[in-house]
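Got a structure for you, written out below as structure tokens; questions coming shortly.
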Amino acid sequence: MRVTVIGAGVAGLACAVELAERGAQVEVLERAERLGGACCSWFAGGMLAPWCELESSEPLIATLGAESIEWWRKHFSATAARGSLVVTHSRDGGELTRFARRTERFEWLDEEAIAALEPDLAGRFGRALYFREEAHLNPRAALEALEQRLAALGVNVRYGVDAYASGTGGEGGPAEGAWVDCRGLEARDVLTDLRGVKGEMLLLKLPELILSRPVRILHPRIPLYVVPRGAGVFMVGATMLESDQPTRISARSVLELLSAAYALHPAFGEAEILELGTGVRPALPDNLPRIERRGNILYVNGLYRHGFLLAPALARRAAEVVLHERLYPEVMRNEDSRQRRLA
Ligand SMILES: Cc1cc2nc3c(=O)[nH]c(=O)nc-3n(C[C@H](O)[C@H](O)[C@H](O)COP(=O)(O)OP(=O)(O)OC[C@H]3O[C@@H](n4cnc5c(N)ncnc54)[C@H](O)[C@@H]3O)c2cc1C
């Protein structure tokens, strides 16, 4: 079966891989001129943290997200399965207890155990939560790995192509085969309840500091995190602003991000700022992902703050819907259109 995937963010690339690995004849169309040129996925932290996310998400996120770690380890060998840490300074100690009440699959660590896991954090925190089974990855390298996997499967990613531009025939859907639309927030023209949740992030360079796993720093107002990228580079993220403004970064946000890094370790005061970035997360009203069929087009969207965490589970399901007409009520919507056959 011929399938065109629209959008080379994490959702589109993961769908293309799952479809091609099942034998579909796949092509990916991407409007930007290069990988990461205009996608939210380029700015992600890359945390694969299904159980931490229970703190502010529905159980479905953990259920779907639990599939992701094995998938990423298979498709991107640099996926680091070293767990994640959650810390807070003692004056906000209640935050850690509250976080623990809402999440699962963690261990409490004392100061000594924290130092054993992360020697550079020795003496800085009295208690922490350790989510041993969680993982993280470098999103940019992971997207490149998916693109390479697609090339090995014979799938072409065509850049600089707006799939719905007039003259492409895309206005009413494909003339043959199926389309899988993974345009993120751009799919608002059809999925009218999509909204943007902007996230600002920093990349810092501090070769003197070594961290092996993501660390979340809880604070009643600004819970933020630091993710090690290797070679002395750290991603600090991320704000959550109800906005679809894609570029502007406020001084307040930079202040908050830098304060979080500094609260984690004062050595960050000497870090070099490599990048300030923003992405706009595509979110649905319930902040849950959705696979929705309309005619010959299957929409995979609403990945919100969980794109890398959820893309594997959604891509598997989307491929089964397209190729084998399977139904997944937990993520699918629109009972009538579900029953319709793809071309
Ligand atoms: C700061 C920040 C930190 C984050 N941290 C994490 C994290 O730690 N873990 C996690 O799991 N998630 C994280 N996320 C969320 C994650 O990044 C998103 O959920 C994910 O990127 C959404 O992916 P997507 O493929 O749906 O959309 P996008 O990545 O936006 O991709 C959509 C693609 O479609 C293309 N496109 C649009 N219109 C057309 C068209 N007409 N024709 C062809 N192509 C088109 C766009 O150019 C784009 O490349 C974070 C997000 C941000 C902003």
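Indexing begins at 1, ligand by ligand and atom by atom, following the structure's order.
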- Message: Regarding Asn287 and Arg195, do their side chains bring together a donor and an acceptor under 3.5 Å, going by distance alone?
- Response: yes
- Looking at Tyr225, which atoms of ligand 1 are within less than 4.0 Å of one of its heavy atoms? 3 (C), 4 (C), 5 (N)
- Query: At what distance is the nearest protein heavy atom to atom 16 (C) of ligand 1, and which residue and atom is it?
  - Reply: Gly307 N, 3.7 Å
- Nearest neighbour of atom 47 (O) of ligand 1 from the list Glu30, Arg305, Arg31, on a heavy-atom basis: Glu30
- Item | For atom 41 (N) of ligand 1, the protein heavy atom that lies nearest, with its residue and separation | Asp162 OD1, 2.8 Å
- Message: Quick check on the 6.0 Å ring-centre criterion: do Phe308 and Trp72 meet it?
- Response: yes
- Query: Can you tell if the side chain of Val215 reaches within under 4.5 Å of the side chain of Tyr225, non-hydrogen atoms only?
  - Reply: no
- Task: Go through the side-chain N and O atoms of Gln245 and Thr247 and say whether any donor and acceptor fall under 3.5 Å apart.
- Result: yes
- Before signing off on this row, confirm whether Cys40 and ligand 1 have an N or O atom pair separated by under 3.5 Å. yes
- Counting from 1, what ligand 1 atoms have a heavy atom of Gly45 closer than 4.0 Å? 3 (C), 4 (C), 5 (N), 6 (C), 7 (C), 8 (O)
- Item | Any N or O of Arg281 closer than 3.5 Å to N or O of ligand 1 | no
- Residues Glu134, Arg213; criterion salt bridge (Lys or Arg N to Asp or Glu O under 4.0 Å); working and verdict: CA-CA 9 Å; Glu134 295 187 339; Arg213 51 189 58 74; over 6 Å; no
- Nearest heavy atom to atom 23 (O) of ligand 1: which of Ser41, Ser68, Gly37, Pro139 does it belong to? Ser41
- Looking at ligand 1, does any of its N/O atoms fall within less than 3.5 Å of an N/O of Ala32? no
- Message: Among residues at least two apart in sequence or on other chains, which ones pass ring-ring contact (aromatic ring centres under 6.0 Å, His included) with His75?
- Response: Trp71
- Query: Which atoms of ligand 1 are found less than 4.0 Å from any heavy atom of Val161?
  - Reply: 42 (N), 43 (C)
- Task: Output the list of atoms in ligand 1 that are nearer than 4.0 Å to some heavy atom of Leu303, sorted by atom number.
- Result: 19 (O)
- Query: Quick check: does any side chain N or O of Thr239 sit under 3.5 Å from a backbone N or O of Glu200, one acting as donor and the other as acceptor?
  - Reply: yes
- Task: Report the part of Ala238 (side chain from C-beta onward, or backbone N, CA, C, O) that has a heavy atom under 4.0 Å from ligand 1; answer both or neither where that applies.
- Result: side chain
- Sub-4.0 Å atoms of ligand 1 with respect to non-hydrogen atoms of Gly184: 26 (O), 27 (O), 32 (C)
- Item | Polar contact flag, side-chain donor to acceptor under 3.5 angstrom, Tyr164-Asp181 | yes
- Query: Could Arg140 and Phe43 be counted as a cation-pi pair, given that NZ or CZ must be under 6.0 Å from the ring centre and within 45° of the axis?
  - Reply: yes
- Query: Which of the numbered atoms in ligand 1 are below 4.0 angstrom from a heavy atom of Ile6?
  - Reply: 42 (N), 43 (C)
- Which of the numbered atoms in ligand 1 are below 4.0 angstrom from a heavy atom of Cys182? 32 (C), 33 (C), 34 (O)
- Starting from atom 34 (O) of ligand 1, locate the nearest protein heavy atom and write down its residue, its atom name and how far away it is, to 0.1 Å. Gly7 CA, 3.3 Å
- Message: Quick check: Cys39 and ligand 1, any N/O pair under 3.5 Å apart?
- Response: no
- Message: Please list the nearest protein heavy atom to atom 53 (C) of ligand 1 with its residue and the distance rounded to 0.1 Å.
- Response: Gly279 O, 3.5 Å
- Item | Derivation and outcome, side-chain contact (heavy atoms from CB on, under 4.5 Å), residues Arg82 and Arg132 | CA-CA 7 Å; Arg82 298 194 206 109; Arg132 185 185 289 274; over 6 Å; no
- Item | Glu186: numbered ligand 1 atoms lying under 4.0 Å from its heavy atoms | 37 (C), 38 (N)
- Look at atom 2 (C) of ligand 1 and say which protein heavy atom is nearest, naming residue and atom and giving the distance to 0.1 Å. Phe43 O, 3.5 Å
- Message: Among all the protein's non-hydrogen atoms, which is closest to atom 15 (C) of ligand 1, and how far away is it?
- Response: Tyr304 O, 3.2 Å
- Could you tell me how the ring of Phe268 sits relative to the ring of Phe234: parallel (under 30°), tilted (30 to 60°) or perpendicular (over 60°)? perpendicular
- Message: Would Leu309 count as being in polar contact with ligand 1, using the rule that some N or O on each side must be under 3.5 angstrom apart?
- Response: yes
- Query: Are the side chain of Ser253 and the backbone N or O of Ile249 linked by a donor-acceptor pair below 3.5 Å?
  - Reply: no
- Task: Report yes if the side chains of Ser41 and Leu143 come closer than 4.5 Å at any heavy-atom pair, otherwise no.
- Result: yes
- So which bit of Lys198 gets within less than 4.0 Å of ligand 1, heavy atoms only: side chain, backbone, both or neither? neither
- Item | Under 3.5 Å: N/O of Phe308 near N/O of ligand 1 | yes
- Answer yes or no: is there a donor N or O on one side and an acceptor on the other, between the side chain of Asn296 and the main chain of Ala178, under 3.5 Å? no
- Message: Among all protein heavy atoms in this structure, tell me which lies nearest to atom 36 (N) of ligand 1, with the distance rounded to 0.1 Å.
- Response: Arg183 CG, 4.0 Å
- Message: For atom 22 (C) of ligand 1, which of the options Ala14, Pro282, Gly277 provides the nearest non-hydrogen atom?
- Response: Pro282
- Identity and separation of the nearest protein heavy atom to atom 17 (O) of ligand 1: Ala44 CB, 3.4 Å
- Note on the structure: Sorted by chain and residue number, the ring-ring contact (aromatic ring centres under 6.0 Å, His included) partners of His136 (sequence neighbours excluded) come out as none
